[in-house]
Amino acid sequence: MAPFRTSVAVGTALLCLATLQPCAPLHAQPADQWRGFPASPPPLPTLRPGEIQLRYLGNAGWEITDGRTVVLVDPFLTQFARWAENGPDATPDYGDLYPADTARINQYIGRADYIVITHGHSDHALDAGYIARRTGAVVLGHETAANLARAYGVPDSSLITVLGGEDYAFDDGISIRVVPNIHSALDDKRYFNNGRGIAGTAPRGLKAPLRRVDYQEGGNLAYIIRIGGHEVLAMGSMNYLEREMEGLRPDVALIGANSQRLEIFDYTGRLLRAMGYPPVVIPTHADGYGNPRPNAAALSDRDRFRAEVAAVSPNSRFIQPTWFEPIVLPARATLVAGGAAGGERRQINPPGISPLVPAYSVGMATGNDVFVSGMTGFKPGTQDIVEGGIAAQTRQTLENIRTTLEAAGATMADVVECTVFLRDMADYAAMNRVYLEFFPTDPPARATLAVSALPRPAALVEIKCSARRR
Ligand SMILES: [Zn+2]
């Protein structure tokens with residue numbers, strides 16, 4: 001199953017960032033962070049119906065296209081300038097002028113129809129004004145994002161100011177839902193201290209070139225971008241409002257993933273659960289601000305985020321993006337079928353658990369619903385019922401159910417109904433004692449029956465259940 005087509009989009013030459021000379025193969029950078037950068041913007045890709053292409057532009061920046069319309073998220077190509085000649089300290093101080101690196105932008109960015117801005121900080125909003133002016137793209141963002149774009153002469157006809165909560169349909173078939181959001185917890189969770197002085201709003205009347213401190217946050221947004229039949233969540237910070245993410249069902253989630261997320265309680269778990277386990281998860285804002293030589297801590301945190309996603313949502317496909325390398329995704333229905341969410345039927349094959357006969361599946365998932373076949377107390381990896389009578393069998397049965405649910409991205413707390421089959425109703429109380437250990441509060445709806453026989457002669461109990469992932 002390999003629905004992703006990837007290729008390195010380059011112009012006629014691979015140029016190394018540091019020297020702008022053809023890349024020699026002896027660079028020590030990890031391969032995934034040092035590919036050839038395009039010499040000029042690639043043409044719009046030719047995509048099949050339902051496909052979209054994403055290109056990672058660095059920091060929280062993305063180019064998303066269905067081959068016809070191009071949406072940019074927080075383009076910040078200028079970040080690469082800081083590493084070009086003077087090393088990692090080339091970023092201007094907050095009081096200094098911070099001009100957009102227009103040559104670099106022209107090298108990497110071709111067409112743009114929409115630019116969505118999560119917030120006004122320079123690493124999110126710096127390039128948007130110049131790009132909108134050059135391409136005629138419409139800028140969506142808070143008033144601060146609009147004022148920063150106005151500083152570059154972007155006319156009001158190319159600005160859409162939003163507050164959060166809008167869901168705008170556009171003539172070209174795309175729509176953009178604006179998701180209220182909050183900024184990463186900076187300054188050891190004391191954002192009010194904000195030693196940087198960029199927690200406010202940007203006023204009207206600014207004129208480029210702007211100082212770095214002019215790029216005020218101005219509030220925070222995330223976006224659901226519906227394009228080519230997909231729903232792409234784009235975040236620009238390592239924080240979110242859980243209730244605003246609840247019920248969103250992106251098939252592609254660009255999740256703010258640098259170590260600032262560790263300030264937040266169960267950051268990855270709460271987010272992925274709220275969104276119903278997106279089939280494709282791609283970290284964003286976790287590239288060391290363009291540093292081609294990320295330090296060991298950054299690299300290990302990158303692995304840690306991947307592990308967090310795998311633990312919460314094992315069926316999500318995790319893609320570690322590489323700068324400018326196109327990621328082509330198949331139709332949403334294909335992603336959803338192969339992933340954890342959506343409406344397609346999917347067989348669940350939990351580790352160590354197989355059906356007694358090939359007449360049924362251990363589990364099936366459709367959308368967020370998970371159905372677990374009648375389970376007995378056999379030891380995983382075998383078909384042997386455990387020793388120890390009704391209590392031991394009930395415990396093993398429910399452990400097997402738990403394993404099956406987890407393979408489907410669900411938990412015991414998601415179970416909504418069970419049916420318990422007993423060989424002898426005299427075991428009812430003993431079964432219940434163990435059963436309650438697995439459902440200590442709000443137990444699922446249930447029916448219990450005594451039956452004359454079960455397919456496994458040694459089984460005293462069989463339990464089937466249904467769950468709905470939350
Ligand atoms: Zn910021």
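Whatever order the structure lists them in is the order used to number ligands and atoms, beginning at 1. From a predicted model like this one, the values you see are computed outputs, not experimental measurements.
- Rounding to 10 degrees, one finds that the Zn ion (ligand 1) sits at the corner of an angle of 100° between H119 NE2 and H183 NE2.
- Restricting H121 to its N, O or S atoms, the one at the least distance from the Zn ion (ligand 1) is ND1.
- A side-chain donor from one of D127 and T78 sits under 3.5 Å from a side-chain acceptor of the other.
- No side-chain donor-acceptor contact under 3.5 Å links T65 and Q53.
- Not one N/O/S atom of H124, from backbone or side chain, sits under 2.8 Å from the Zn ion (ligand 1).
- With salt bridges taken as basic N to acidic carboxylate O contacts below 4.0 Å, one links R468 and D369.
- Between the side chains of Y191 and E217, a donor-acceptor pair is found at a separation under 3.5 Å.
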